Every structure is written in C-alpha cells, then in structure tokens.
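Down below is the structure, laid out as structure tokens.
This one's a predicted model, so the numbers in the text were calculated from it and none came from an experiment.
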Amino acid sequence: MDLTPYVDHLRRELAVAADAGGDEARALAERLSAPLESAARLTLLNALSAAMSDVTRELAPGSVDVRLRGLDPEFVVTPPPAPEPVREEREAVAAPVVAAPPAAEADDGTMVRINLRLPAHLKARAEGAAAAEGLSVNAWLVRAVSVALDGGGRASVPGRGKDSGGRGFTGWVR
C-alpha cells in the first residue's frame with residue numbers, strides 16, 4: 001500500500017495553513033514537512049496495524065499482518081486452514097489401534113467428533129509424526145490422547161513392533 005498520497009495530502013494541508021500565516025509561517029512549514037512526513041508515516045502504519053489486529057481477531061485462526069517494505073506497508077494474509085474433507089472409509093481403515101480400555105471404562109462404541117485447532121507449527125509436526133508411523137492424523141491424535149490419559153508410555157502400533165517384522169497386524173476392531 002502506497003502511503004505517499006496520504007503524506008502528500010498532509011503536506012498540502014500544512015502548506016495551506018502556513019500560507020495564512022505569511023512568509024515566516026511558510027518557511028517554518030517547509031522546515032517541518034520532512035520530520036512530519038516520518039511522523040505521519042509512522043502514525044498511519046500504527047493505525048493500519050491496529051486495524052489489522054481487529055481483522056485478525058475476526059479471522060482467527062487466520063491472520064493479517066502488516067509488514068514494512070521500504071517506506072510502504074504491505075499486507076500479508078494467512079487464510080484459515082481449509083477443513084479437510086470427511087473421508088469416512090479412509091478413517092475407518094486407519095482407525096486408531098490402541099490397547100482396549102480397562103473394563104471399568106468399557107467403550108460403548110460411540111464415536112464423537114470434535115474440532116481441534118492447532119497452531120500451524122504443531123499441525124505440521126503432528127502430520128509428520130503420523131506419516132512417519134503410517135497413520136492418519138486422526139488415528140495418531142486418538143492414540144496420543146489415549147496414551148496421555150492412560151498415563152502409559154509411548155504406545156506402539158500393534159503389528160509393527162520388532163516381533164512381527166511389519167508383516168502382519170494384531171489388535172482389536174469393532
């Protein structure tokens with residue numbers, strides 16, 4: 001965004017005001033115009049930053065940043081992540097494989113959906129970890145939550161340990 005037209009407008013307004021004061025006022029306005037240009041640019045940049053902060057608040061988890069390139073600000077828009085399409089078949093195939101819950105907490109088979117908003121850097125790390133273990137992100141997150149809540153160590157995917165050599169799968173399925 002070019003701020004020059006706005007700064008030029010302020011200079012013209014200062015010149016018009018100085019004309020009413022005579023030659024001394026005009027000379028003073030000319031001496032003040034350079035320092036006022038910097039102050040005007042900074043003030044406009046602060047106003048733009050405050051406005052983009054409000055926009056970011058409404059756009060969350062996306063954002064709009066104001067960056068300074070040379071003398072002019074530029075807007076950098078980070079859109080919210082697009083929701084992943086629902087792939088019920090794929091999720092069913094990659095269903096989380098975790099140890100059966102204790103008898104007191106027996107699962108009745110009900111599945112629920114939640115929205116989880118992660119910062120982009122955590123999402124990328126979760127996707128990488130899931131891919132490294134050959135799991136969907138959903139299956140990896142379910143397993144991680146289960147391990148965290150059950151207080152156990154890191155759970156391994158059945159059938160992928162040292163015993164099976166990766167040739168077969170064991171576990172439970174509904």
Honestly curious: do Trp140 and Val137 fall in one hydrophobic cluster under the side-chain, below-4.5 Å linking rule?
-> yes
How many angstroms lie between CG in Leu135 and CZ in Arg143, if you round to the nearest 0.5 Å?
->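 Here the interatomic distance stands at 5.5 Å.
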Taking side chain to side chain contact (heavy atoms under 4.5 Å, CB included) as the definition, give me every residue that meets it alongside [X], ordered by chain and number, with sequence neighbours left out.
X     : result
Phe75 : Met1, Leu48, Met52, Val64, Val66
Ser63 : Thr56, Asp65, Thr78
Asp2  : Thr4, Pro5, Asp72

Hey, what else clusters with Leu14 if you join Ile, Leu, Val, Met, Phe, Trp, Tyr whenever side-chain heavy atoms sit under 4.5 Å?
-> Leu28, Leu32, Leu36
Kindly indicate, with the supporting measurements, whether the criterion side chain to side chain contact (heavy atoms under 4.5 Å, CB included) is fulfilled by His9 and Tyr6.
-> CA-CA 5 Å; His9 177 74; Tyr6 303 102; 5.6 Å; no
Is a salt bridge present between Glu127 and Lys123, judged by a nitrogen-to-oxygen distance below 4.0 Å?
-> yes
Sequence neighbours left out, what pairs pass salt bridge (Lys or Arg N to Asp or Glu O under 4.0 Å) with at least one residue falling in residues 6-18?
->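 Found Arg11-Glu37.
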Checking Ser49 side chain against Leu45 main chain: does a donor-acceptor pair fall under 3.5 Å?
->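 At least one qualifying donor-acceptor pair exists.
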Report the residues that fulfil salt bridge (charged side-chain N to carboxylate O under 4.0 Å, His left out) with Arg125, sequence neighbours left out, ordered by chain and then residue number.
->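 Expected list: none.
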